[in-house]
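Here the structure is laid out as structure tokens; the discussion comes afterwards.
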There are 2 protein chains.
Amino acid sequence: MPLETSTCNHLDISHIRSSCATCSLRELCLPVGLNEQEIQTLGDVVSHKCKIQRGGTLYRAGSKFQSLFAIRRGFLKTCILEQDGRQQVTGFHMTGELLGLDAISTEIHTCDAIALEDSEVCEIPFEKLEEISRAIPSLMRHFHKIMSREIVRDHGVMLLLGSMKAEERLATFLLNLSRRFLMRGYSECNFNLRMTREEIGSYLGLKLETVSRAFSKLQDENIIRVDNKHIQINDITRLRMKMGNTTCDT
Amino acid sequence: MPLETSTCNHLDISHIRSSCATCSLRELCLPVGLNEQEIQTLGDVVSHKCKIQRGGTLYRAGSKFQSLFAIRRGFLKTCILEQDGRQQVTGFHMTGELLGLDAISTEIHTCDAIALEDSEVCEIPFEKLEEISRAIPSLMRHFHKIMSREIVRDHGVMLLLGSMKAEERLATFLLNLSRRFLMRGYSECNFNLRMTREEIGSYLGLKLETVSRAFSKLQDENIIRVDNKHIQINDITRLRMKMGNTTCDT
DNA sequence: TACCAGCTTTGATTCAAATCAACCGGAGTA
DNA sequence: TACTCCGGTTGATTTGAATCAAAGCTGGTA
């Protein structure tokens with residue numbers, strides 16, 4: 001159960017009501033299950049927002065880590081830059097997700113975070129997050145779950161990279177995106193890719209030509225419709241079957 | 001599949017609170033930078049030890065998560081079992097490492113943890129760990145670093161699976177083992193593998209025959225000496241060169 | 001002691017993806 | 001308009017790893 005099940009945050013925070021000062025928090029992954037006052041406390045910490053233009057950098061590998069970033073809107077990739085110039089994409093990230101977890105370990109960012117469309121993030125100073133999570137156990141627990149979920153997600157990607165064929169990988173990838181769009185209230189069958197074939201390939205351990213061919217193949221079989229960056233899923237059941245015998249739902 | 005006989009029973013933790021248990025903490029990954037009293041506090045929580053025989057199971061995918069496990073001695077693998085019977089190894093773990101982080105997210109274990117040699121672990125009830133880490137900020141910080149390090153490690157594996165050739169993967173793997181043995185006071189150039197070629201292959205995204213061939217190739221080039229499970233590194237510099245230009249602490 | 005099951009090596013062949021190469025089409029612009 | 005750059009597609013060829021197949025070891029045990 002690779003990408004499909006494992007990834008990303010339950011964004012079900014609709015039950016949370018909050019004042020305007022903290023309303024940005026609503027979209028975030030953190031304040032699940034907090035009460036008014038706790039949200040206020042958290043809000044004091046994450047009030048600083050910032051915008052990143054398409055192509056812009058949120059942080060770079062090697063830079064000092066001080067804060068996590070919660071994506072308020074937009075779409076980013078994280079990638080490791082290799083010496084020879086090629087880059088390996090380690091993840092694509094969308095609204096509600098938390099960036100920078102990998103940097104806690106050494107307090108140095110281990111990858112670049114680059115916006116694939118105009119985006120907006122909230123900065124969350126990590127020291128402060130730890131501080132208030134001491135006072136709010138449910139926040140601490142939730143933070144731990146987010147970190148853990150990231151590990152599970154990575155295991156899913158490892159499974160994909162270690163044992164799936166090109167077409168299975170692409171199907172898995174599309175279904176994962178689809179599900180994440182759905183969770184955010186967008187169509188699960190009609191969406192635009194924000195990344196290039198090369199970036200998809202990098203993430204999936206494939207060359208861009210192979211990605212392109214896999215797209216064409218799925219289109220020939222009438223499972224999806226591809227128009228450049230626009231994807232339409234015609235037959236999600238057959239797409240799931242393409243993913244292989246890995247159980248896709250949970 | 002070996003069953004419950006050798007499985008660690010981690011349900012009753014009530015008994016055993018020995019000063020000896022506290023001593024054992026020193027070998028663990030957690031109590032870094034704590035004072036005497038804090039170590040004592042932590043010791044109260046992790047006093048329950050258990051042994052797992054070679055081939056035995058510490059926990060299984062699907063089982064309820066309650067505790068993390070710190071390895072006191074031995075060698076374990078974690079793996080995801082796929083429907084078709086094949087398994088993907090997600091990691092090899094040795095003394096001082098912490099198991100079960102992936103299960104925090106859903107409170108269900110997502111993989112099996114199986115001993116590759118007779119091992120001993122300390123059970124760390126997660127609720128209690130969170131509790132005392134509220135009181136000991138440095139412990140909390142350290143725990144977060146451990147989780148983050150796991151994410152970084154997984155990214156390293158993703159890089160390996162996504163972009164390295166068989167020989168590079170094996171070289172990276174051997175160097176990683178070598179470094180971990182060294183850190184634990186063993187020879188970095190002379191060690192025994194605890195896992196089969198198939199398990200190595202599963203971890204590295206290769207078939208066992210490919211692993212075997214890669215071993216033979218490295219031996220032919222006089223970089224290593226292979227005698228079944230025993231590995232001797234003759235020329236660690238050239239082995240590093242084989243890894244490619246990726247700096248990798250995976 | 002011999003036997004057997006599981007692990008490992010090695011060779012021959014096949015196959016999936018990488019590589020090499022050509023071309024298409026849209027966006028920006030000179 | 002024509003030009004160029006960039007991203008994408010498609011075809012031909014090569015190549016690295018998987019697969020298929022056969023033996024060789026090793027360690028446990030009957």
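Not measured: the values here are computed from a predicted model. What's counted below: heavy atoms across the whole structure, side chains too, no hydrogens, waters or symmetry copies. Residue numbering restarts at 1 for every chain, and letters A, B, ... go by the order of the sequence lines.
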Whole angstrom value for the distance that separates [atom2] of [N] from [atom1] of [X]:
X	N	atom1	atom2	answer
A/R54	D/dC6	CZ	P	13 Å
A/M164	D/dA17	CE	C1'	19 Å
B/E168	D/dA17	CD	P	9 Å
A/E198	D/dC6	CD	P	12 Å
B/E117	D/dG27	CD	C1'	17 Å
A/D220	D/dT9	CG	P	12 Å
A/I231	D/dG8	CD1	C1'	12 Å
B/R197	D/dA17	CZ	C1'	18 Å

Inset, instruction - Have a look at B/K217 and say if it touches a base, only the backbone sugar-phosphate, or nothing, with a 4.0 Å heavy-atom cut-off. - result: nothing

Inset, instruction - May I ask you to say what A/T196 touches in the nucleic acid, namely base, sugar-phosphate or nothing, with a heavy-atom cut-off under 4.0 Å? - result: sugar-phosphate

Inset, instruction - Just jot down the side-chain hydrogen bond (donor to acceptor under 3.5 Å, both in side chains) partners of A/Q66, sequence neighbours excluded, or say none. - result: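 Applying side-chain hydrogen bond (donor to acceptor under 3.5 Å, both in side chains) to A/Q66 gives none.
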
Inset, instruction - Sequence neighbours left out, what passes side-chain hydrogen bond (donor to acceptor under 3.5 Å, both in side chains) with B/N228? Give chain and number order. - result: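 Counting only residues at least two positions away or on another chain, B/N228 forms no side-chain hydrogen bond (donor to acceptor under 3.5 Å, both in side chains).
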
Inset, instruction - State which residues pass salt bridge (Lys or Arg N to Asp or Glu O under 4.0 Å) with B/R194; sequence neighbours excluded, sorted by chain then number. - result: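 Partners of B/R194 under the salt bridge (Lys or Arg N to Asp or Glu O under 4.0 Å) test: B/E117.
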
Legend entry - Residues forming a salt bridge (Lys or Arg N to Asp or Glu O under 4.0 Å) with A/D118, sequence neighbours excluded: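 Scan of A/D118 (salt bridge (Lys or Arg N to Asp or Glu O under 4.0 Å), adjacent residues dropped) gives none.
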
Validation: residues 218-225 of chain A side-chain donor-acceptor distances under 3.5 Å, sequence neighbours left out:
from	atom 1	to	atom 2	distance (Å)
A/Q219	OE1	A/R225	NH1	2.5
A/Q219	OE1	A/V226	N	2.8
A/E221	OE1	A/K242	NZ	2.9
A/E221	OE2	A/K217	NZ	3.4
A/E221	OE2	A/K242	NZ	3.2

Legend entry - Listed partners of A/A214 passing side chain to side chain contact (heavy atoms under 4.5 Å, CB included), at least two apart: A/L170

Inset, instruction - May I ask you to say whether A/R180 pairs ionically with A/E97, meaning some side-chain N is under 4.0 Å from a carboxylate O? - result: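 Salt bridge: yes.
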
Which atoms of nucleotides 22-26 of chain D (N or O only) lie under 3.5 Å from a protein N or O atom, and what are those distances?
none

Short N/O separations, protein against nucleotides 18-20 of chain C, under 3.5 angstrom:
from	atom 1	to	atom 2	distance (Å)
C/dA18	OP1	A/K207	N	3.4
C/dA18	OP2	A/K207	N	3.3
C/dA18	OP2	A/T210	OG1	2.2
C/dT19	O4	A/R213	NH2	2.8
C/dC20	N4	A/E209	OE2	3.4

Legend entry - Side-chain donor or acceptor of B/S63 paired with backbone N/O of B/R60 under 3.5 Å: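 Confirmed, B/S63 side chain pairs with B/R60 backbone.
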
Inset, instruction - Name the residue closer to the 5' end of DNA chain D, choosing between A/M195 and B/E167 according to the nucleotide with the nearest heavy atom. - result: A/M195

Legend entry - Selection from D/dT9, C/dT9, C/dC7 that lies nearest to any side-chain heavy atom of A/S212: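 Output: D/dT9.
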
Inset, instruction - With sequence neighbours left out, write down each residue that passes ring pair (Phe, Tyr, Trp, His ring centres under 6.0 Å) with B/F75, or none if nothing qualifies. - result: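 In terms of ring pair (Phe, Tyr, Trp, His ring centres under 6.0 Å), with neighbours along the sequence ignored, B/F75 is linked to no residue.
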
